[in-house]
Amino acid sequence: MPSNAKEKNSMLIRGFAPYKEKKGEEYMNEQQLEHFAGILNGWKRELMEEVDRTVHHMQDEAANFPDPADRASQEEEFSLELRARDRERKLIRKIDQTLQRIDDDDYGFCDSCGVEIGIRRLEARPTATLCIDCKTLAEIKEKQVGS
């Protein structure tokens with residue numbers, strides 16, 4: 001895929017243009033922090049809109065079906081929707097914590113070792129708090145303990 005087409009595709013998938021770093025630019029400068037705050041606020045807005053859609057859907061679709069199979073299907077559908085919204089609620093909380101880190105000038109650095117997390121990793125996972133090396137180690141430890 002040509003790089004220009006790849007950039008357009010990236011913009012369509014996530015709704016933002018990847019940050020273009022300038023030579024000699026300081027890590028997590030004002031422009032970068034604004035870029036990530038915009039990504040996080042947009043993501044939060046999308047999640048909140050999804051919550052509103054779910055509430056309206058459940059209000060509009062709620063019916064007392066006489067057939068037990070229909071009623072069970074609707075209850076299962078609502079249960080799955082509520083589970084997804086619960087996960088999104090937790091994600092919204094994590095987004096809020098990340099936005100607070102931006103305000104506190106603590107964003108973009110690994111909680112474990114203090115090195116830069118990296119622009120591309122943060123664009124892929126804006127709520128990341130660990131660099132790729134520390135995250136990999138944490139996952140390895142998690143697998144060992146879980147086995």
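Side chains included, hydrogens not; waters and symmetry mates left out as well; all remaining heavy atoms used.
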* To do: Hey, could you give me the CD1/CD1 distance between I132 and I117, rounded to the nearest 0.5 Å?
  => 10.0 Å
* Least distance between heavy atoms, E116 atom then C131 atom -> O-CB, 4.3 Å
* Asked: Out of I39, T129, L40, which residue meets the side chain to side chain contact (heavy atoms under 4.5 Å, CB included) rule with T98?
  -> L40
* Report the distance from atom CZ of R85 to atom CZ of F78, rounding to the nearest 0.5 Å. => 12.5 Å
* Asked: Considering all heavy atoms of both residues, which atom of E21 and which atom of E25 are nearest to each other, and what is their separation?
  -> CA-OE1, 3.3 Å
* Asked: Got more than 12 heavy atoms from elsewhere within 6.0 Å of CZ, R53?
  -> yes
* Structure fact -> Nearest heavy-atom approach of C110 to C113 is SG-N, 3.4 Å
* Report the C-alpha separation of I95 and L47 in whole Å, then their side-chain angles, then the decisive distance to 0.1 Å, and conclude whether the side-chain contact (heavy atoms from CB on, under 4.5 Å) test is met. => CA-CA 10 Å; I95 291 170; L47 291 170; 3.8 Å; yes
* Asked: Can you find a pair of side-chain heavy atoms, one from D105 and one from L33, that are under 4.5 Å apart?
  -> yes
* Asked: Any luck finding a side-chain donor-acceptor pair between D96 and Q100 under 3.5 Å?
  -> no
* For the ring-ring contact (aromatic ring centres under 6.0 Å, His included) test, which of Y19, Y27, Y107 pairs with F36? -> Y107
* Taking all atoms of both residues into account, what is the closest heavy-atom pair of M48 and I92, and its distance? -> SD-CD1, 3.4 Å
* Asked: Is the side chain of N29 donor-acceptor paired with the backbone N or O of E26 at a distance under 3.5 Å, no angle test?
  -> yes
* Would you call D86-K90 a salt bridge at under 4.0 Å N-O? -> yes
* Verify same cluster id: L91, F16 (apolar side-chain graph, 4.5 Å) -> yes
* Verify side-chain contact (heavy atoms from CB on, under 4.5 Å) between S79 and R83, making sure each step is shown before the conclusion. => CA-CA 6 Å; S79 175; R83 192 174 329 147; 4.2 Å; yes
* Least distance between heavy atoms, L122 atom then M28 atom -> CD1-CE, 3.7 Å
* State yes or no: do V51 and W43 share one hydrophobic cluster built from I, L, V, M, F, W and Y residues joined by side-chain heavy-atom distances below 4.5 Å, directly or via other members? => no
* Do E46 and E50 pass the side-chain contact (heavy atoms from CB on, under 4.5 Å) test, and can you show the C-alpha distance, the side-chain angles, and the key distance before you say yes or no? -> CA-CA 6 Å; E46 287 176 18; E50 191 61 34; over 6 Å; no
* Asked: Under a 4.0 Å N-O cut-off, is there an ion pair linking R101 with D111?
  -> yes
